[in-house]
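Written out below as C-alpha cells is the structure these notes cover.
Since we're looking at a predicted model, the values are computed, not measured. Every chain is numbered from 1 and lettered A, B, ... according to where its sequence line falls, protein lines coming before strand lines. These numbers come from the heavy atoms of this one structure, side chains and all, not from hydrogens, waters or symmetry mates.
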There are 2 protein chains.
Amino acid sequence: MSKAIQKFSRQREAIYKNLSSRYDHPTAEQIYLDVKAEIPSLSLGTVYRNLSQLCTDNRLQVFNCGGIEHFDANTDNHYHFFCESCRKLYDTNSDTFKFIDDESENLNVGQVRTHNLMFYGTCKNCL
Amino acid sequence: MSKAIQKFSRQREAIYKNLSSRYDHPTAEQIYLDVKAEIPSLSLGTVYRNLSQLCTDNRLQVFNCGGIEHFDANTDNHYHFFCESCRKLYDTNSDTFKFIDDESENLNVGQVRTHNLMFYGTCKNCL
DNA sequence: TATAATAATAGTAACGATTATCATTATTAC
DNA sequence: GTAATAATGATAATCGTTACTATTATTATA
C-alpha cells in the first residue's frame, strides 16, 4: 500500500495558515474555533485529520502537554515552557538542542529519532 | 480550606509498593490489574486517586507519553526513552540534568519548577 | 469541457483515559 | 465504644481523539 496522492483542500491550507500566523501553540479545538469563523462548515474531525497529515508531512510539530495535544508550525529546533498556573505554553531561548542531540547518539537504548524538552513552572505574568 | 488529614489505606500502600518494585513505568491500568491480584475488591478509580495523591506527596512522578500517563516511583533526576514501535518506556543514562537545570535559571520566562526530557525512537528489541 | 476516479469533507458515533459522584466501609481521635 | 471523617468500590460522566459513512470537491484524462 503506497501512500495516496494528496489533493488540494481549502480546509487544510486554512488550518495551516492559521497555525502559521500564531505563536500560542493552540490545541485542535482552538484552531477549529478560529478557522470555523472563516469556513463555517468546518468539522472538528477535519481539523484533527489535517493536523495529523500536516504533521506527517513535517509542516508542523505536535507535543502533548497536560494530556492535550498542542500544535506548532515552527518546526525549527526549540523548546517550550508550560505555565502550570495559566496553562499557557511559551517558546524558550534554550539552546541545548545540539548538546542533547549529540547525547542521543550515546544513549545506548536503540535508535533515537527525536527528543522533546519541556520546562514547567510559573510564568512572569502569573508571578 | 487546609489540606485534609491523610488516613492509612491498605490500597494506597499496595499501589505504592507495586510501583516501587517495578521499573517499567506502568500506566494506571497496569498497576490496577497487578494490585487487583492481591486486593480483588480494588477499583480503578481508587488507583487513579491514590496515584494522584502519591504524586502530590512527591512519592512518585508522572509523565504523559503517547497521550497516556506513566508512573515512576523513582523520583531521582533521570530521563526516559519511548519506543514508538512497542510503546515501552525505558530509563536512560542521560546525565544532562545538571546542565539543563542550570539553564533553567536563565530562560527568562518566569520561575521554572522542573523540566522533563523525553527521547523518542525505536528500541533495540524492535530494531 | 464532460466524465470517471478517488481524496477530502461534514456530521456523528465510538473510543479510551481520566475524573466525579455517592452510598458504604475503614481508620482514627476521643 | 462511639463519633467524625477519610477512603473505598461501583458506576456515571467528561474530555480529547479517532473511526465511520454518505456526500462533495479535486484532479487526471478522454
Contact summary for I15(A) and T46(A), nearest pair of heavy atoms: CD1-O, 4.2 Å
Which atom of F71(B) lies closest to which atom of T27(B), heavy atoms considered: CD1-C, 4.2 Å
Between F97(B) and H78(B), ring centroids under 6.0 Å: no
Which atom pairs link the protein and nucleotides 21-23 of chain D when you take only N or O atoms and keep those under 3.5 Å?
none

Protein-to-nucleotide contact annotation, 5' to 3' order, nucleotides 4-17 of chain C [B base; S sugar-phosphate only; - none; under 4.0 Å, heavy atom]: -BBSSBBB-----S
d(OH, Y32(A); P, dT17(D)) in whole Å: 15 Å
Atom pair distance, as rounded to whole Å: NE2 in H70(A) and P in dC15(D): 16 Å
Salt bridge (charged side-chain N to carboxylate O under 4.0 Å, His left out): pairs with one or both residues in residues 11-26 of chain B, sequence neighbours excluded: E13(B)-R59(B), R22(B)-D24(B), R22(B)-D34(B)
Sequence neighbours excluded, every pair satisfying salt bridge (charged side-chain N to carboxylate O under 4.0 Å, His left out) that has a member inside residues 80-95 of chain A: E84(A)-R113(B)
Bend angle of the helix from dT1(C)-dA30(D) to dC30(C)-dG1(D), end axes from five pairs each (to 10°): 30°
Parallel, tilted or perpendicular: ring planes of H115(A) versus Y79(A), cut at 30 and 60 degrees: tilted
Aromatic ring pairing F81(B)/Y90(B), orientation class (parallel under 30°, perpendicular over 60°, tilted between): tilted
By side chain to side chain donor-acceptor pair (under 3.5 Å) - contacts of K36(A) (at least two apart): Y32(A)
Matching residue for F119(B) among V112(A), V109(A), T114(A) - test: side-chain contact (heavy atoms from CB on, under 4.5 Å): V112(A)
Any donor-acceptor N or O pair under 3.5 Å, side chains N108(A), K124(B): yes
